[in-house]
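Worksheet: one structure, shown below.
Residues: numbered from 1 along the sequence shown.
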Amino acid sequence: MSKADQERMATFSGSWKFYALLGVVLFVATFGIHGIVIAFTSAICFVLGFIFVMLKTAKDRTKTLEKEFAKIAAEHRFSHGVQEFISNRERFTDKSMYEQMHSMTKSSLVDPILEEVLGLIVRDFVETWYFQLSNDQLFKESLKRTARRSIGRLSHSMQKVDWVPLLTHDFMDDFASHLRLYRKAKERCMVKKDASEEDLESDFFDLELEMEKTYCRDLVSTTPQYENAYLHDICDILLYLLMPSEDFRSRPLRFILREIIVRKIMMPFLDQFSDPDYLNHIIVWLLSSVSLSTDDFITMVETSKSCHELEALLESLQEEMCSIRGRDSGGEEAAIGKQQLGSLEHLENVIKRRMQRLTLSSAYNGPREGSLSRDDDGKEQLVQLPIVVVLTNNQAVRFFIDFLSVNGGQSYIDCYLAIEGFKVSVEHQLRGLSNGETIDSEVYETIKEAAVFMYHQYLSQEAVTRVCIDDAIINKFLATMRNDEIYDQWFDSIQNEIVSILNSDERFYPAFKKDPGYVDMLSSLGILGEDYESGTDEDNASQSSRSVELSHSSSYNIMPSSSSHSLTGDATMQIVIETLGIGQQGKQTFALYNVRVTKKSGTTSSSWNVIRRYSEFHTLNNLILAKFPQLSSVSFPGKKTFNNLDQGFLEKRTQALNQYMTALVNPNVLKSTPELESVVLDFLNQRNYVGSREGLHKKVMNAMFDGVKAFGSAVTSMPDQVFDGVSKGVNGLNRAANQVLMKNSSSNRSLNEDSDRVAAQISDQDSVDNIPVRVLMLFVDEVFMRGETQFFRRQLTAVMRQFVNATLGSSINRKIVDLVEWLTSEEQVAQYILAFRNSMWPGGQLAPDSVERPRGISMLTRIFARAMMLSALPEQLRMLMGATTTNNGVWTVFEALQNRRLNRRLLYVLLERLLLTVFPDNRFDRILPQLHKKSPRVMMS
């Protein structure tokens with residue numbers, strides 16, 4: 001717009017305003033105020049009149065139209081609707097078909113509880129949003145009807161399941177195989193430098209692909225998007241199998257249910273049970289009935305690998321100590337409080353020392369824990385165990401075997417152990433003879449063939465693994481064998497010579513006592529522990545350190561001879577107590593005694609060694625006085641406060657302890673107090689002795705000690721080549737060997753190959769015989785024995801199989817089956833649903849959302865979970881495995897459950913196993929691998 005135009009527009013605007021104002025002024029000047037009121041009133045009357053006329057005209061027109069429509073309606077007939085719906089219109093107002101109670105499980109116990117849970121679900125998850133849209137009750141009832149019919153189909157399928165093999169074989173196999181993959185992945189990561197959690201997961205899924213051959217669960221365990229799609233596919237299949245057909249054809253209903261099930265049930269369930277903290281909490285809850293041992297808790301504190309755990313425990317401990325100090329009011333409560341404070345202060349010192357070791361471990365490269373400690377003169381502060389104690393203790397001998405295998409003494413220990421195995425087999429053969437299973441001539445021929453084979457294996461001039469023994473001793477053995485003397489004494493002279501060589505040759509046992517493996521052995525036996533301060537016990541001396549001196553007052557023979565002590569029946573027991581020396585644990589020093597026990601019953605005998613402290617004898621005496629007051633007259637050597645580690649005093653105490661044990665096993669005493677035998681045998685067991693606990697049942701104890709050779713000496717008896725040779729020419733003797741060893745080559749091969757599933761070692765021939773026990777043994781082998789040497793692991797597995805399968809296998813198997821049947825019974829299922837209802841709706845109201853647990857509580861839960869897992873292990877298993885092996889096994893299981901993604905993978909494995917079992921005819925075995933084949937690992941392979 002030009003400047004002239006803008007000026008013209010401004011002039012026009014000003015003129016218009018001027019003329020308007022001029023008009024108003026002239027109107028007011030001409031007509032005045034009265035004229036303005038008349039003009040305003042006229043305008044209002046015009047508007048009102050216009051509106052009145054419009055309304056009146058519309059009303060008249062409406063009446064005319066109503067008359068016309070009424071006339072048309074009267075003249076025309078409309079259709080009444082679809083005849084099929086009109087004839088059934090009453091069913092849309094009849095709620096009885098939806099309210100009808102369909103039985104879901106055909107159980108009078110379970111159905112009412114399920115119906116109550118359904119009502120609570122609809123109340124809290126449906127009514128809250130649906131009644132804002134409509135007050136129609138039919139939708140709610142139709143949902144319940146669909147749910148009842150779907151649950152009924154699921155219940156029908158689950159009632160066909162045989163839960164015993166599923167829980168005792170399949171689930172155990174899946175879990176054990178998961179642990180195997182984790183162990184192997186961890187071993188691979190240990191080879192790498194700076195391996196991360198991602199590297200562990202990558203190796204884990206690589207190994208899974210090797211095991212499963214054609215698929216891998218890495219995507220579903222690590223990728224949320226693929227996991228969501230996978231669960232949607234699984235849910236679609238389940239809805240197709242379980243929903244009524246007419247409901248499944250309703251796409252909106254199916255999609256809504258699928259989304260609710262996946263997003264509100266499956267995903268939260270997987271998130272919860274893959275959370276390591278929640279699993280630790282579950283472990284503590286499941287083992288809440290287990291009595292937590294103080295020693296086990298201290299062990300887990302001392303082996304903790306996390307400063308965060310120890311910091312949380314230390315903080316909680318200090319709060320408890322402050323609380324105890326605040327409650328100090330004098331009297332008996334003050335004394336109890338001081339005792340509690342002393343225990344807590346000891347634990348506090350243990351925690352601080354462990355934290356210091358963890359903090360300085362990366363910066364300080366000093367000697368490892370448990371290394372040899374020496375005094376100023378360079379003398380070792382260790383208990384010098386006699387070699388016979390080591391050779392007859394199943395925990396100690398494996399350390400000695402490991403040492404000899406790399407120091408040139410393998411043939412000696414192999415021969416010694418082969419002789420022990422020969423004696424065990426002879427004992428089995430003689431038992432068969434006494435029971436009438438074999439005849440005397442067959443027994444002699446089989447035993448003689450086995451002895452000849454061992455001669456050619458170890459003693460002849462042509463033997464590849466020949467032991468260097470004086471020819472005179474070998475000739476004496478041959479003469480003894482030709483003269484048909486007592487079978488189990490044929491090899492005694494050779495065995496004694498081997499023990500003498502191992503004990504005197506500086507390359508063997510003397511060198512082993514200077515090796516770090518000796519310290520590990522003492523630690524496994526509980527003689528040497530962490531270097532921490534502790535209170536003095538009965539054997540504590542005022543000296544803070546003392547040189548170790550052994551009492552050589554008695555010789556250490558393989559078969560000790562002493563006066564026999566008769567037990568009940570025709571069995572006799574020989575007991576000799578000898579002073580081993582002074583043990584040391586931190587600043588605590590104590591005397592150690594070796595209890596040599598030989599039990600004879602007829603023509604068979606068994607012997608073993610037990611290491612005990614005076615405090616354990618004192619505990620036994622207190623238990624006997626509490627249970628059998630009539631035995632208070634039996635003399636027991638009392639405590640001594642000062643100079644209680646003097647050599648002369650120890651010899652007197654040893655003599656007194658021998659007299660005490662002799663009095664206890666006196667036939668007249670045992671006959672008058674029948675329960676005393678089980679208490680004494682419990683004390684003579686090779687496990688840790690805790691007198692406050694009741695001993696095992698008498699029959700169990702007798703069975704255990706009848707098989708002591710199988711548990712003790714024969715744990716490492718008979719190397720493979722010996723058994724292979726014996727089985728070639730010996731039929732009767734091999735009967736015992738077959739119980740010890742696996743019967744086919746595939747089993748032996750599976751010990752060396754870890755690529756298959758754990759239960760793949762069970763052949764089809766064994767599929768119906770003691771399966772729960774066999775799978776349990778494989779699980780124990782995978783968890784506890786994979787870190788051991790192949791030699792020890794092979795023999796230990798063999799002996800465990802012999803003991804469990806031949807002695808207690810049927811009984812244990814029956815108990816496992818009964819337990820599973822009880823867990824899956826109708827009453828227990830009802831209890832599970834009740835527990836679910838009470839946890840989800842405590843007091844009938846929906847539980848609030850869970851609050852995230854503080855980090856400190858989570859760290860404490862980790863420690864308690866490990867400690868309770870260790871305490872839950874049977875004493876017999878811990879005795880057989882050793883402290884180090886059992887601790888490592890507990891750590892393996894615990895660490896495998898601390899990875900969220902791997903936990904998720906395990907849950908999917910169990911879920912898929914359940915689907916395969918519940919729906920065996922629906923081709924899940926083909927569908928599931930197809931869902932996993934999208935993994936990049938599978939495509940690259």
Subject >> Arg901 and Glu197 ion-paired at < 4.0 Å >> reply: no
Original post:
Can you name the nearest heavy-atom pair linking Asp173 to Arg757, along with the distance?
Top reply: OD2-NE, 3.1 Å
Subject >> Mutual orientation of the aromatic rings belonging to Tyr614 and His618 [parallel < 30°, tilted 30-60°, perpendicular > 60°] >> reply: tilted
Original post:
Is the closest basic N to carboxylate O distance between Lys305 and Glu895 below 4.0 Å?
Top reply: yes
Original post:
Thinking salt bridges, do Glu302 and Arg354 make one under a 4.0 Å N-O criterion?
Top reply: no
Original post:
Is the Lys NZ or Arg CZ of Arg612 less than 6.0 Å from the centre of Phe683's six-membered ring, within 45° of the axis?
Top reply: yes
**OP:** Applying side-chain contact (heavy atoms from CB on, under 4.5 Å), run through Asp818 and Arg814 and close with a yes or a no.
**Re:** CA-CA 6 Å; Asp818 292 343; Arg814 185 171 57 254; 3.7 Å; yes
Subject >> Working for side-chain contact (heavy atoms from CB on, under 4.5 Å), residues Leu358 and Leu310 >> reply: CA-CA 10 Å; Leu358 291 175; Leu310 299 175; 3.7 Å; yes
Subject >> Separation between CD1 of Ile816 and CG of Leu167, rounded to the nearest 0.5 Å >> reply: 11.5 Å
Subject >> Atom pair CG (Asp515) and CZ (Phe399), whose distance is rounded to the nearest 0.5 Å >> reply: 11.5 Å
Subject >> Donor on one side chain, acceptor on other, His178 and Arg905, under 3.5 Å >> reply: yes
**OP:** Could you label the plane-to-plane angle of the Phe512 and Tyr518 rings as parallel, tilted or perpendicular, counting under 30° as parallel and over 60° as perpendicular?
**Re:** perpendicular
**OP:** Quick one: list whatever passes salt bridge (charged side-chain N to carboxylate O under 4.0 Å, His left out) with Arg904, sequence neighbours left out.
**Re:** Glu227, Asp271
Original post:
How many angstroms lie between CZ in Arg862 and CG in Leu897, if you round to the nearest 0.5 Å?
Top reply: 11.0 Å
**OP:** Would you check, one step at a time, whether the test side-chain contact (heavy atoms from CB on, under 4.5 Å) holds for Ile857 with Asp277?
**Re:** CA-CA 9 Å; Ile857 299 298; Asp277 179 52; over 6 Å; no
Original post:
What residue among Asp296, Thr294, Thr299 forms side-chain hydrogen bond (donor to acceptor under 3.5 Å, both in side chains) with Ser871?
Top reply: Asp296
Subject >> Axial cation check for Phe894 ring with Arg866, 6.0 Å and 45° limits >> reply: yes
Original post:
Roughly how far, to the nearest 0.5 Å, is the CG atom of Asn594 from the CD atom of Glu578?
Top reply: 5.5 Å
Review item, side-chain donor-acceptor pairs of residues 280-287, under 3.5 Å, at least two apart:
| from | atom 1 | to | atom 2 | distance (Å) |
| --- | --- | --- | --- | --- |
| Asn280 | OD1 | Gln898 | NE2 | 3.0 |
| Asn280 | ND2 | Pro276 | O | 3.2 |
| Asn280 | ND2 | Gln898 | OE1 | 3.3 |

Original post:
What's the shortest heavy-atom distance between Phe297 and Ile863, and which atoms?
Top reply: CE1-CG2, 3.8 Å
Original post:
How about Phe273 and Tyr278: are their ring centres within less than 6.0 Å of each other?
Top reply: yes
**OP:** Before giving the answer on side-chain contact (heavy atoms from CB on, under 4.5 Å), spell out for Met211 and Arg180 the whole-Å C-alpha distance, their side-chain angles and the decisive distance to 0.1 Å.
**Re:** CA-CA 11 Å; Met211 183 180 71; Arg180 170 175 290 181; 5.9 Å; no
Original post:
Can you name the nearest heavy-atom pair linking Ala896 to Asn903, along with the distance?
Top reply: O-OD1, 3.5 Å
Original post:
Under 6.0 Å between the ring centres of Tyr509 and Phe400?
Top reply: yes
